[in-house]
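So that the names make sense, note that chain A is the first sequence line, chain B the second, and so on, each numbered from 1.
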Amino acid sequence: MDVGVGLWQLRSTARAPVGWPRLYRDLQEDARLAEELGFHSLWLSEHHFWYDGWCPSLAVAAAAALGATTRLRVGTGILILPLHEPDRLAAQCRTLHAASGGRFELGIGLGYRDSEYDGLGLRRRTRGRRADEALDVILATRRADAGGPEIWVGGMGERSLARATTRGLGLFLPPTLRLEDTEKVIAASRAAATEAGVTLGPVGIVKSTWVTRGGAADEQRGRDDIVRATKEYAGSWWSLRGELGWGAPDLLDKQMQRSVDTALVGSPEAVVADLEGLAAAGVDLVVLNVSSDVTRPDYRDTMRLIASDVLPRVVS
Amino acid sequence: MKLGVVLDTSVPATIASLQARAAAAEEVGFDLLWIEPGGLLEDPIVLAGVLAPGTASIRLVAAVQAGGHPVALAEDAAVADLSCQGRFALAVGGDEVELLAETVDLLFRAGASAPFRHSGHRWTVPANLPENELHEARLRVTPDPFQLELPIWVFGPAAGSVAATRGVSLVAAAGEPDAAVAQAWRAVEQSLGPGAARLRRPAIYPVPARPDVEGLVRQLSTKRDSFGLDIAVLRLPDGIGEDEWRRALRTIATEVRPRLQLDRLPEGLDAHWRQELHDDL
């Protein structure tokens, strides 16, 4: 199994304010560190028009991370496909693939925030069709001699999964998926791909992660961090019972509980056991999402701990 | 006069070789790298991102054609500018005045740090489509670029008119007669008045792999005196090897650059340089 780290969002949040220029410099250093520590890949995530500057341009951010490294793979986990003009995105993918010697990975999803579509002049309800079109353009304009980036399709909806299973692409499963469901989705997707006459691509999953040797108190701190980091945008963006998350606090808390329940939190040994479970379920790549809302030294210490105490026991 | 060089994107190139070429230009004091779409390397802003970690001081100018959504272009440009810590500039080309002008207008609004609305011929931002229930009345594009004002230059057939109305620097194309460029700049001055002085006056100019020093100095000085050329972006032949690239840039840096900085050189200095160089060889 491959282990990547994520998700770089390049945000200056209320809780962890930091200059944007500093975040983008840190990304290059973090990429070098991830490479040095032996991680398979580093993953970025996209949103638009948010107060904290959440990175809207993953192709350019990925370019800088690729430019700072020589072996590390850099992926989008995920890029909101319908928001991009297909021809321009396809050209960006070809550029990244050619320049990096094939180290770029394209994870895609649909997104869900109305205001992101509206800002770019798009109707949200056309997002599925736009995603199909964009995928077809990216695949059709690959260079015969050079191939293109591996494509990982995010989303759990029937049509999202079909995007991967009909084209033989990879899956990029969401962090809140429980182990038993992970196993089921993978088996069903492999069967659907076979039925469509193609082979399913690799299966990746993101997992909120906090690895610590600090015992129960520190584990609780990790869980609190995961909730805090998720709650801010879930409350502001997610539509729960027809209104924003803040207006439905009971449902929001339930969602947060699920985020924590499905996270990998604990000692290196406990996390290794979780990862072995995912490998047995058929997962090829786990992207460990170390809470983005922590300070850089904390983040880097966690990366080092994962590299020394987790990676050697799970990487094939 | 500042000097730039066009990055050769015509041949397949790896990050390492692109960074080596950029670093070679930076090493001998070139001020900027002009990045345009090439064969396999199609997106200049992505290439600026790739070159950001391999360079420290050279400016990265990405040349793109207008047509795509300017908000997406502004986002890419801001991320590129942050990635290289404020060394990025965006050159936008266009054939149609209306399209290029609206693109520049939206780039300005999106690159500022305040929510805005825009209604133009081609784009309404934010669109406020009824189906998008939870939309905002005004759009705030984040993150901000590193620079307080991200340089936006224009080039191509529509550029003169847009430069004159928007107050952006106009890039003269290779092969454009000096008289025509001078006329375009007179129109910009007429429109902007003294404000025209804050614009740069770059031009792209082809040079052979083994440049004739005296001829190049003469030609660039003539352009300076004709239309005010202050940034010469030199285009070496496509496909030359890395060694030839280094050699050409070194020649230009040591022999051409010093002769272009002042209005005139004190008598004897040129002869002294010639002698010194002769001794070195």
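Residue A/Pro21 comes nearest to B/Leu82 through the heavy atom pair N-CD2, 3.6 Å, listed as atom of the first residue, atom of the second, then distance. Closest non-hydrogen pair, A/Ala61 versus B/Val79, comes out as N-CG1, 3.8 Å. Shortest non-hydrogen contact noted between B/Pro53 and A/Arg32 is CB-NH2, 4.0 Å.
Ranked by heavy-atom pairs under 4.5 Å with chain A, the list B/Glu133, B/Arg140, B/Glu136, B/Glu42 is led by B/Glu42. Of the residues considered (B/Asp81, B/Val71, B/Asp76), B/Asp76 shows the highest number of contacts with chain A, using heavy-atom pairs under 4.5 Å. Per-residue counts of heavy-atom pairs under 4.5 Å with chain A were compared for B/Leu51, B/Thr14, B/Leu41; the largest is that of B/Leu41. Interface summary for chain A: among B/Ala13, B/Pro130, B/Gly49, the most heavy-atom pairs under 4.5 angstrom belong to B/Gly49. Heavy-atom pairs under 4.5 Å with chain A were tallied for B/Leu139, B/Asn132, B/Thr142, B/Val125; the largest tally goes to B/Asn132.
Both the backbone and the side chain of B/Glu75 come within contact range of chain A, judged by heavy atoms closer than 4.5 Å. If you measure heavy-atom distances from A/Glu85 to chain B, the contacts under 4.5 Å come from the side chain alone. Contacts of B/Leu73 with chain A are made by both backbone and side-chain atoms, with heavy-atom separations under 4.5 Å.
Within the 4.5 Å cutoff, the side chain of B/Leu134 has heavy atoms near those of the A/Leu244 side chain. At least one side-chain heavy atom of A/Arg103 sits less than 4.5 Å from a side-chain heavy atom of B/Ile15. Within the 4.5 Å cutoff, side-chain heavy atoms of A/Tyr24 are placed close to those of B/Pro143.
Crowding of B/Arg250 atom CZ: a count of heavy atoms from other residues, nucleotides or ligands under 6.0 Å not exceeding 12. Counting heavy-atom neighbours within 6.0 Å of B/Arg117 CZ, excluding the residue itself, gives a total above 12. Around atom CD of B/Glu131, more than 12 heavy atoms belonging to other residues, nucleotides or ligands sit under 6.0 Å away.
Listed in order of number, the residues of residues 111-126 of chain A that approach chain B to under 4.5 Å between heavy atoms are A/Asp114, A/Ser115, A/Tyr117, A/Asp118, A/Gly119, A/Leu120, A/Gly121, A/Leu122, A/Arg123, A/Arg124, A/Arg125.
Residues passing the salt bridge (charged side-chain N to carboxylate O under 4.0 Å, His left out) test with A/Glu133, sequence neighbours excluded: A/Arg129.
Between B/Leu40 and the options A/Arg143, A/His97, A/Arg94, a side-chain contact (heavy atoms from CB on, under 4.5 Å) holds for only A/Arg143.
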